[in-house]
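Below is one structure, written out as structure tokens; comments come after it.
It should be emphasised that the depicted structure is a prediction, and the values quoted were computed from it without experimental measurement.
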Amino acid sequence: MKENEKEELFAQLEKMLETLQFGSITLVVQDGKIVQLEKIEKVRIQSNKNR
């Protein structure tokens, strides 16, 4: 992986982490290279117990 590709990857990861409250980030690797980032965000709905 070239240095500029690493910087772009880390920038994308940092951006995803800054906006993620609950969930996961997955790196997809193909032929030994990271080809895709996937972000799954969970939104928790508060129950009505405390109302």
Side-chain angles (χ1 to χ4, degrees):
M1 180 177 275
K2 295 177 183 175
E3 194 61 36
N4 63 337
E5 292 173 333
K6 285 182 186 178
E7 289 176 7
E8 183 179 346
L9 172 65
F10 289 132
Q12 288 293 329
L13 277 171
E14 185 176 24
K15 188 175 179 181
M16 288 177 157
L17 287 169
E18 287 175 353
T19 60
L20 184 63
Q21 293 297 315
F22 298 97
S24 61
I25 295 173
T26 303
L27 304 177
V28 178
V29 179
Q30 185 174 17
D31 297 327
K33 294 181 179 180
I34 299 170
V35 295
Q36 184 173 326
L37 303 174
E38 296 176 354
K39 176 180 160 185
I40 298 174
E41 186 165 7
K42 297 181 179 185
V43 177
R44 298 183 183 202
I45 307 300
Q46 293 183 350
S47 68
N48 292 333
K49 289 182 179 178
N50 296 332
R51 288 186 180 182

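- Side chains of E14 and Q12: a donor-acceptor N/O pair is absent below 3.5 angstrom, by distance only.
- At a cut-off of 3.5 Å, with distance as the only test, no side-chain donor of K42 or S24 sits close to an acceptor on the other residue.
- In this structure V29 satisfies the side chain to side chain contact (heavy atoms under 4.5 Å, CB included) test together with I34, sequence neighbours excluded.
- Within the model, atoms CD1 of I40 and CG of L20 stand 10.0 Å from one another, a figure rounded to the nearest 0.5 Å.
- Here the closest non-hydrogen pair linking E41 and T19 is OE2-O, 3.6 Å.
- Linking ILVMFWY residues whenever their side-chain heavy atoms come closer than 4.5 Å, directly or via other members, places F10 and I25 in the same cluster.
- Under the 4.5 Å side-chain contact rule for hydrophobic residues, L37 and L17 share a cluster.
- In the hydrophobic clustering of this structure, L27 groups with M1; members are Ile, Leu, Val, Met, Phe, Trp, Tyr whose side-chain heavy atoms approach within less than 4.5 Å, directly or through other members.
- With rounding to the nearest 0.5 Å, the separation of OG1 in T26 from CE in M16 is 9.5 Å.
- Residue E8 places its CD atom among 12 or fewer non-hydrogen atoms of other residues, nucleotides or ligands, all under 6.0 Å distant.
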